[in-house]
Amino acid sequence: RNGVGTVGICDPAYVKIMVIKTLGTSSGVGTVSNVVKAIRYAQANGASICNLSFGTMKYSEELYQAIKDSGMLFIVAAGNGDASGNGYSIDEQPMYPASFELDNIISVANLRFDGQLDRASNYGVRSVDLAAPGNYILSTITGNDYAYMSGTSMAAPMVTGTAAMLYSCDASLSLMDVRNRILQSARPLEFRYQLQPRSDSLRRGWYHHTVDVGAVAQQLDTGDQLKEHDEPAAGGRAGRGIRSLDTGLISLIVSSIIK
């Protein structure tokens, strides 16, 4: 708010940022044990929403349990494709923590300026909840400077900021209320991949959706409950799937960053 850099979505009088550095090695990677420590530290010190803009293809029961047992809402990046820059289905090749089947996670893909999924963004009918703007986002870098960056790590904080706005504006909302309002504000996204929905005992079916943040925010004044209003994908019912977040605002609550 000093006329330099970026302005977040939330009033700093109501939302505070807790930055926890867990991936700060020379190679830019971290360990599961350090991430788990960071999650527990954040919750112990009052964090409510945790932005995790990183991922690994290796499953970790320790990380799974740390997120499952946490009272925080986790906004996580879906990942940025393979070595050739092509996004892939993390239903088939899981990326963690995005692919954890937990109700306190929102998994985020990267949306381009034209409203389509970015070519490098991972996706997944089962594993990704929504997409948000993540191309050429102005952000902070080392050396007290700014730069434009792209990827699901930039898209996830868009959703984190939206969640923080809702949670800070209505003290009666639980974190699951916040999650549900974001997901249930969905409107269809024309998805470029042909995906067949799958279901099991843990899932209810899948949508391709776009989140309308204006509709979410309007509820703060009206108190109305959002209803799922789109038709489900063939063979499915309302549930987790690809959606798109329609906002250009960023705010981080808890972030593991590389420096």
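For the single chain, residues carry numbers from 1 onward in sequence order. Because the structure is predicted, anything quoted here is derived from the model rather than measured.
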A.B. asks: Measuring from Leu166:CG to Arg179:CZ, what's the distance to the nearest 0.5 Å?
C.D. replies: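 Between atom CG of Leu166 and atom CZ of Arg179 there are 14.0 Å.
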A.B. asks: Mind checking ring-ring contact (aromatic ring centres under 6.0 Å, His included) for Tyr167 and listing every partner two or more places apart, or none if nothing turns up?
C.D. replies: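 Per chain and number, Tyr167 pairs via ring-ring contact (aromatic ring centres under 6.0 Å, His included) with no residue.
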A.B. asks: So which heavy atom on Ser99 is nearest to which on Ile90, and how close?
C.D. replies: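 Result for this residue pair: OG-O, 3.3 Å.
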A.B. asks: Does the side-chain contact (heavy atoms from CB on, under 4.5 Å) test come out yes or no for Asp170 and Val178, once each step is laid out?
C.D. replies: CA-CA 10 Å; Asp170 188 343; Val178 169; over 6 Å; no
A.B. asks: Identify the two heavy atoms, one from Ser48 and one from Leu175, that lie closest to each other, and give their separation to 0.1 Å.
C.D. replies: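 Answer, listing the atom of Ser48 first, then Leu175: O-CD1, 3.2 Å.
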A.B. asks: Sequence neighbours excluded and cut-off under 3.5 Å, please list the side-chain donor-acceptor pairs for residues 66-83, or say none.
C.D. replies:
| unit_1 | atom_1 | unit_2 | atom_2 | d |
| --- | --- | --- | --- | --- |
| Ser70 | OG | Gln43 | OE1 | 2.5 |
| Ser70 | OG | Met72 | N | 3.0 |
| Asn80 | OD1 | Thr152 | N | 2.8 |
| Asn80 | OD1 | Thr152 | OG1 | 3.2 |
| Asp82 | OD1 | Ser84 | N | 2.9 |
| Asp82 | OD1 | Gly85 | N | 3.1 |
| Asp82 | OD1 | Asn86 | N | 3.0 |

A.B. asks: Working note: Gln65 + Val36, criterion side-chain contact (heavy atoms from CB on, under 4.5 Å); need CA distance, chi angles, decisive distance, verdict.
C.D. replies: CA-CA 9 Å; Gln65 290 297 331; Val36 169; over 6 Å; no
A.B. asks: Atom OG1 in Thr162, atom CD1 in Ile182: separation rounded to 0.5 Å?
C.D. replies: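 One gets 6.0 Å once the value is rounded to the nearest 0.5 Å.
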A.B. asks: I'd like to check the salt bridge (Lys or Arg N to Asp or Glu O under 4.0 Å) partners of Asp114; sequence neighbours left out, ordered by chain and number.
C.D. replies: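 Checked Asp114 against salt bridge (Lys or Arg N to Asp or Glu O under 4.0 Å); matches are Arg112.
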A.B. asks: Counting C-beta onward and ignoring hydrogens, is there a side-chain heavy-atom pair between Phe54 and Ser153 closer than 4.5 Å?
C.D. replies: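 Side-chain contact under 4.5 Å: no.
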A.B. asks: Roughly how far apart are Ile20 CD1 and Asn51 CG, rounded to 0.5 Å?
C.D. replies: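 These two atoms lie 11.5 Å from each other.
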A.B. asks: Between atom OH of Tyr96 and atom CE of Met57, what is the distance when rounded to the nearest 0.5 Å?
C.D. replies: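 It is 9.0 Å, given to the nearest 0.5 Å.
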A.B. asks: Check Tyr88 against Met95 and note the closest heavy-atom contact, atom names and distance.
C.D. replies: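 Answer, listing the atom of Tyr88 first, then Met95: OH-CE, 3.4 Å.
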A.B. asks: Which heavy atom in Asp91 sits nearest to a heavy atom in Arg126, and how many Å separate them?
C.D. replies: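 Closest approach of Asp91 to Arg126, heavy atoms only: OD2-N, 3.0 Å.
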A.B. asks: Can you name the closest pair of heavy atoms from Asn122 and Gly87 and give their distance?
C.D. replies: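 So the two residues come closest at OD1-CA, 3.7 Å.
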A.B. asks: Run Val19 and Ile17 through side-chain contact (heavy atoms from CB on, under 4.5 Å) and show every step you take.
C.D. replies: CA-CA 6 Å; Val19 179; Ile17 299 174; 3.6 Å; yes
A.B. asks: At what distance, to the nearest 0.5 angstrom, does CG of Leu130 lie from CG of Leu111?
C.D. replies: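 Here the interatomic distance stands at 10.0 Å.
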A.B. asks: Would you say Ser168's side chain and Ala164's backbone share a donor-acceptor pair under 3.5 angstrom?
C.D. replies: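 Here the side-chain-to-backbone pair exists.
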A.B. asks: Test side-chain contact (heavy atoms from CB on, under 4.5 Å) on Arg181 and Leu173; report intermediate values, then the result.
C.D. replies: CA-CA 10 Å; Arg181 288 198 179 195; Leu173 292 175; 3.7 Å; yes
A.B. asks: So does Ser127 get a backbone contact from the side chain of Ser107, meaning a donor-acceptor N/O pair under 3.5 Å?
C.D. replies: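 Present.
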A.B. asks: Work out which heavy atom in Ala155 is nearest to a heavy atom in Ala109; give both atom names and the distance.
C.D. replies: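 Heavy-atom minimum between the residues: CB-O, 3.4 Å.
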A.B. asks: Check side-chain contact (heavy atoms from CB on, under 4.5 Å) between Ser174 and all other residues, then give those that pass, not counting sequence neighbours.
C.D. replies: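 For Ser174 the side-chain contact (heavy atoms from CB on, under 4.5 Å) partners, ignoring immediate neighbours, are Met176, Asp177.
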A.B. asks: side-chain contact (heavy atoms from CB on, under 4.5 Å) with Asn45: which residues, sequence neighbours excluded?
C.D. replies: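 Checked Asn45 against side-chain contact (heavy atoms from CB on, under 4.5 Å); matches are Met18, Tyr41.
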A.B. asks: With sequence neighbours left out, what residues match Tyr136 under side-chain contact (heavy atoms from CB on, under 4.5 Å)?
C.D. replies: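 Once residues adjacent in sequence are excluded, the partners of Tyr136 under the side-chain contact (heavy atoms from CB on, under 4.5 Å) criterion are Phe113, Tyr148, Ser150.
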A.B. asks: To the nearest 0.5 Å, how far apart are OG in Ser139 and CE in Met154?
C.D. replies: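 Between atom OG of Ser139 and atom CE of Met154 there are 4.0 Å.
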A.B. asks: With no hydrogens and no angle check, do the side chains of Tyr59 and Glu61 hold a donor and an acceptor under 3.5 Å apart?
C.D. replies: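 On atom types as modelled, these side chains qualify, holding a pair under 3.5 Å.
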A.B. asks: I need the single residue from Asp103, Val108, Asn104 that forms a side-chain contact (heavy atoms from CB on, under 4.5 Å) with Ile106. Which is it?
C.D. replies: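 Of the listed residues Asp103, Val108, Asn104, the side-chain contact (heavy atoms from CB on, under 4.5 Å) partner of Ile106 is Val108.
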